Structures are given as C-alpha cells and as structure tokens.
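This report refers to the structure that appears directly beneath it.
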Amino acid sequence: MTAQLIDGNALSRQLRSNVAERALALKAKGVTPGLAVVLVGDNPASQVYVRNKVKACHDAGLHSVLEQYPADLGEAELLARVEALNNDPAIHGILVQLPLPKHIDAQKVIEAISPAKDVDGFHIASAGALMTGMPGFWPCTPYGCMKMLESIGYDLAGRHAVVIGRSNIVGKPMALMLLAKDATVTVCHSRTKDLKAQTLQADVIVAAVGKRDVLTADMVKPGAVVLDVGMNRNDEGKLCGDVDFDGVKAVASHITPVPGGVGPMTITMLLVNTLEAAERAAGA
Ligand code: GUN
C-alpha cells in the first residue's frame, strides 16, 4: 500500500479562502477582523513564525499588527500591553509568541489575555472549555489535525487513536478533541513502556514529540492514518517530521507530509479562530 497524502497546503488554501469570504462579509458590516501578534526578543525561529502569521492575515484580508519588543522588556510592561490589546476594539485576537524570555512568566501572560481574544487557545479558560465541550477557542495545531481528518471523511467514532506526546499545546488538547469525536484515545509519552505495542493497536496515530523517527513502519498497523506534527531537521539539514515518512507511507492509508502537512494548518486555524473571535464580537 502507498498512503494517500493529506495535503496541508491544498486544504489550507480552501479554508483560507473561506476565511477571506467571511472576512469580507464582516467588513461589509463595518468590522475588520484584527489579530495582534506580540513578539518579545530576537529568537530567529519566532521571527519567521510571526512574519508568516502576519502575512497570512494580510493575504486573507484580516487586519494585523505586529508588536516587537526587546528581550529585556519587563513582565509588567508586557502585561500592560496585553491589557491594552484586551481593550482595543480593532483587535479580536491576541497572540503572544512563545517562548518568552526566562524572566517573564509565560503562563501569567497567557492568563492575562481575555479568553474572548485567546485565538491560540492556551488560556486555562480555553482549555477548560475544550475539556467540557463548551464554546471556546481550540489550540491551532490539534484543531488543524482534526480538520485534516475531516477532509478525508474519517469517522472517528469507536476508532482507536494513539497520540504520542503530552504537551499542553498539542498532545493533551489533541486527545480531548479525538475523544469529543468518540474515539478511544491513548496518550503515549517519554515514560511509556512499550510504544510500539500501543501504536500497533491504533487506527489513527498523531506524532507530536519533536524528535525524528519516533514512528517507523514496523510500529504502524496496515491502513492506519498517520498525522505528523513534528518539525525537525535531518542530518542533511532538511526539514522532517517525527515520522519516518518513506517507511510509514508504505503501510499507512493516509499520511501528512513534512513540510506541507500540519504546519500550514496551524496558521490556517489561527486565521479561523481570529475570524470567529471577530464574528462573535460583532454578534454575527
Ligand atoms: N510558538 C510556537 N508555536 C506557537 C504557537 O502556536 N503560538 C504561540 N503563541 N507561540 C508559539
């Protein structure tokens, strides 16, 4: 079997064009959806990420502002900026790029963001909403994974999903989203005794560890769907995921590539969340 690719670029184009249409409809009512992206310090990877987020907003017709501050910005000053953005009616979504410099308590900053503008879905109110099935913003990467499963018409009810990784940003919310769609969910992590025994049971595997070759062909049940959240470099410096793509694609029914898989979906879902924040604020 050669797995079908789930193309994150193609799906993103489709979803972003829908965002652009809905943004136009909101603009006709006098509301332009707006995202504020806050970057503290000069982490080169973060600079690329925030530039891509701002560009994606622009391309979809969303208003965006990028606020950049030096690495020695004080925590109190950052909290004051977040408060000002909470009160700014032109801003519907606030994203503080992580990681933050060590002298700033990142959780405190996230909790300062109004849950109504928490388009990253990192606030504990957003996490609680996801856990209890209440309306709220879902973290963009696992939300993008759910959209990818939806795009292939995959019915999760009664299926066994294995999530590798237990981060607050991907692994844990991913497990909750799969559970909400009636999958039986196993969460594996660095202390899991026999990862292969778990993954071999899985109909769906989400690899979100940040280490290459975490999932190899011998660990995958024939016909399983494999989503690769990893973003790593191989020995030649080429971008690769957590999954041994060439091996696993011979066993899986569907697989996401890296690059061009989950990556673009993360920004797409940020646009979707920002648009929804604006629609909710406008009472649409
Ligand atoms: N750093 C890496 N990914 C993300 C993300 O999705 N949101 C924020 N705020 N910071 C990040």
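Start at 1 and go down the list; that is how both ligands and their atoms are numbered. Note that the coordinates shown come from a computational prediction; the quantities given were computed from them, not determined experimentally. Count residues from 1 along the sequence.
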Applying the 4.5 Å side-chain criterion to the ILVMFWY set and letting contacts propagate, would L5 and V243 be lumped into a single cluster?
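Yes, one cluster joins them.
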same_hphob_cluster(M148, V258) at 4.5 Å side-chain heavy-atom cutoff:
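Cluster IDs for M148 and V258 differ.
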Going by side chain to side chain donor-acceptor pair (under 3.5 Å), T268 matches just one of Q14, R16, K147. Which one?
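Among Q14, R16, K147, the one meeting side chain to side chain donor-acceptor pair (under 3.5 Å) with T268 is R16.
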Any heavy-atom pair between the side chains of I113 and F122 that's under 4.5 Å?
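F122 vs I113: side chains apart.
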Answer whether the closest heavy-atom distance between the side chains of S64 and V37 falls below 4.5 Å.
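When only atoms from C-beta onward are counted, V37 and S64 do not touch, as no gap falls below 4.5 Å.
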Is it true that, when you exclude K27 itself, more than 12 heavy atoms of the residues, nucleotides or ligands shown sit nearer than 6.0 Å to its NZ?
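Yes, NZ of K27 has more than 12 neighbouring heavy atoms, counting only those of other groups under 6.0 Å.
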For ligand 1, which of its N or O atoms have a protein N or O partner closer than 3.5 Å, and how long is each gap?
from	atom 1	to	atom 2	distance (Å)
ligand 1	1 (N)	Q97	NE2	3.1
ligand 1	1 (N)	L98	O	2.9
ligand 1	7 (N)	D120	OD1	3.1
ligand 1	7 (N)	D120	OD2	3.3
ligand 1	9 (N)	V96	O	2.8
ligand 1	9 (N)	D120	OD2	2.6
ligand 1	10 (N)	L98	N	3.0

